[in-house]
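Per chain, numbering begins at 1; letters A, B, ... match sequence-line order.
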2 protein chains.
Amino acid sequence: MDFEQADALNQAIRLLSLRHRARAAALLAPLGLHPGQEALLLELARTGPMIQAELSEALGCEPPSVTLMSRKLEAAGHVRRTPAPSDRRASVVELTDSGKALVGQIKQLWCALADETVTGLPAQTVAELPGILRTLVGNVDGRARRPHGSGVA
Amino acid sequence: MDFEQADALNQAIRLLSLRHRARAAALLAPLGLHPGQEALLLELARTGPMIQAELSEALGCEPPSVTLMSRKLEAAGHVRRTPAPSDRRASVVELTDSGKALVGQIKQLWCALADETVTGLPAQTVAELPGILRTLVGNVDGRARRPHGSGVA
DNA sequence: TAGCATTAGTTATCCGGATAACTATTATGC
DNA sequence: GCATAATAGTTATCCGGATAACTAATGCTA
């Protein structure tokens, strides 16, 4: 791929990151949430109580990030953290009633955000988009972890 | 759009942001750069010397971010900042020789990053992708700025 | 010319997320 | 049983990027 194309792609991804996050922040602010926190709440709503290591895996971010996220959500009253009975190292995170109530609102504006994000795209493209994006994620994620370093790094 | 689809999309965008940035960071680290800085250097290489307000516009980030980015790149010797002759408020940013040399390397690994990012996608999808992503950016960016607030915010 | 709005830039402070270094617990192998 | 490895979590510190509040210079308008 020549540089023009590569730059168009990389720059578009960078801008999408900034803008989509900024838009999510604007939508979540009225709920008292910062972007990132909604992902934790949604994951708990989807899967039920989880320990932080599982959350870290599910959210795709590192354990220290999960520690901070869950602690802030606990301080806000949306989440409860209790020691795991079977493993004294682990702590189970689960939604409180307040958190469950919030999830409903998050789901609404999550739909609104997705709708406005894909405005103007043909339905087929919209349908394919999540799969395409996940392919991209898998591509850059895989290379970052597998040690078959392609020479450049 | 129902929640499942919306979440698939939003989550994919969030993960792509994290992973693509992390991969970029890994590739840029050997050059002593942090992600974000390459965008400034590439923009200067493309357009020539610019004042920070122009850089802010071109990079799509806020003036305080540009101040920090350009100052760190100046400290690293890749960029020179001089007062604008015609406007004593403005400061012109331009590449040093060191910066110009770096741009060549950045372009190379920028191509490598784009190549690995789209691995496995059909050529047509790859060709359409930048345009699709720019549409997404325009959608979320526009709503954030235009005051015709669609009720949710 | 005087006054005010606009613009360029900086500083201080906030946020999420990352890594590195550490503690505490659990699992494994001898 | 005991030493060692692996795992769960926390703390401290770094980064980019954002907003708010501010200074300084410019432009506009009366």
Chemist: Expressed as a whole number of angstroms, how long is the span from B/Ile51:CD1 to C/dG9:C1'?
Modeler: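 These atoms are roughly 10 Å apart.
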
Chemist: Rounded to the nearest angstrom, tell me the gap between atom CG in A/Leu15 and atom C1' in D/dG17.
Modeler: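 These atoms are roughly 13 Å apart.
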
Chemist: Quick check: closest heavy atoms across A/Leu9 and B/Leu129, and the distance to 0.1 Å?
Modeler: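 Between these two residues, the closest heavy atoms are CD1-CD2, 3.8 Å.
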
Chemist: Between A/Ser70 and A/Arg81, does a side-chain contact (heavy atoms from CB on, under 4.5 Å) hold up when you go through it step by step?
Modeler: CA-CA 8 Å; A/Ser70 55; A/Arg81 301 167 72 209; 3.7 Å; yes

Chemist: Check this for me, if you would: do A/Arg71 and A/Glu74 make a salt bridge, where the nitrogen-to-carboxylate-oxygen distance has to be below 4.0 angstrom?
Modeler: no

Chemist: Measure from the side-chain N and O atoms of B/Glu38 to the backbone N and O of B/Gly36, and report whether any donor-acceptor pair falls under 3.5 Å.
Modeler: yes

Chemist: Please report, rounded to the nearest Å, how far the C1' atom of C/dG9 is from the CE atom of B/Met50.
Modeler: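 After rounding, the reported distance stands at 16 Å.
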
Chemist: Counting only heavy atoms and a strict 4.0 angstrom limit, can you tell me which residues of residues 77-95 of chain A come near DNA chain C?
Modeler: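 By residue number: A/Asp87, A/Arg88, A/Arg89.
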
Chemist: Indicate, with yes or no, if A/Val137 and B/Leu136 share a hydrophobic cluster defined by side-chain heavy-atom contacts under 4.5 Å among Ile, Leu, Val, Met, Phe, Trp and Tyr.
Modeler: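 The answer is yes; both residues are in one hydrophobic cluster.
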
Chemist: Side chain of B/Glu62: nearest nucleotide among D/dG9, D/dG17, D/dT19?
Modeler: D/dT19

Chemist: Between atom CG in B/Leu40 and atom C1' in D/dG17, what is the gap in whole Å?
Modeler: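 Rounding to the nearest Å, CG of B/Leu40 and C1' of D/dG17 are 14 Å apart.
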
Chemist: Please test B/Leu33 against B/His78 for side-chain contact (heavy atoms from CB on, under 4.5 Å), starting from the C-alpha separation and ending with a verdict.
Modeler: CA-CA 10 Å; B/Leu33 294 176; B/His78 303 316; 4.2 Å; yes

Chemist: So which protein nitrogen or oxygen atoms get under 3.5 Å of nucleotides 13-16 of chain D's nitrogens or oxygens?
Modeler:
from	atom 1	to	atom 2	distance (Å)
D/dG16	OP1	B/Gln37	NE2	3.4
D/dG16	OP2	B/Lys72	NZ	2.5
D/dG16	O4'	B/Arg21	NH2	3.2
D/dG16	O3'	B/Arg21	NH2	2.8

Chemist: Quick check: closest heavy atoms across B/Leu109 and B/Leu27, and the distance to 0.1 Å?
Modeler: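 Nearest heavy atoms, B/Leu109 then B/Leu27: CD2-O, 3.3 Å.
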
Chemist: Would you kindly give the CZ-to-C1' distance between A/Arg71 and C/dG17, to the nearest whole Å?
Modeler: 15 Å

Chemist: Relative to the 5' end of DNA chain D, which residue comes earlier, A/Leu18 or A/Val66, by the nucleotide with the nearest heavy atom?
Modeler: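 Residue closer to the 5' terminus by nearest nucleotide: A/Val66.
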
Chemist: Give a yes/no on whether any side-chain N or O of B/Arg23 is located under 4.0 angstrom from OP1 or OP2 of C/dA18.
Modeler: no

Chemist: What is the distance, to the nearest angstrom, from the CG atom on A/Leu55 to the C1' atom on D/dG9?
Modeler: 13 Å

Chemist: Ignoring backbone atoms, test whether A/Gln52 places a side-chain nitrogen or oxygen under 4.0 Å from the OP1 or OP2 oxygen of D/dT7.
Modeler: no

Chemist: For residues A/Leu59 and A/Val93: do they belong to one hydrophobic cluster (side chain heavy atoms under 4.5 Å, members Ile, Leu, Val, Met, Phe, Trp, Tyr)?
Modeler: yes

Chemist: B/Leu40 and B/Val103: same hydrophobic cluster, using ILVMFWY side-chain contacts below 4.5 Å?
Modeler: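 Yes, because B/Leu40 and B/Val103 connect within a single hydrophobic cluster, where side-chain heavy atoms sit under 4.5 Å apart.
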
Chemist: Would one find a side-chain N or O of B/Thr67 under 4.0 angstrom from OP1 or OP2 of C/dT10?
Modeler: yes

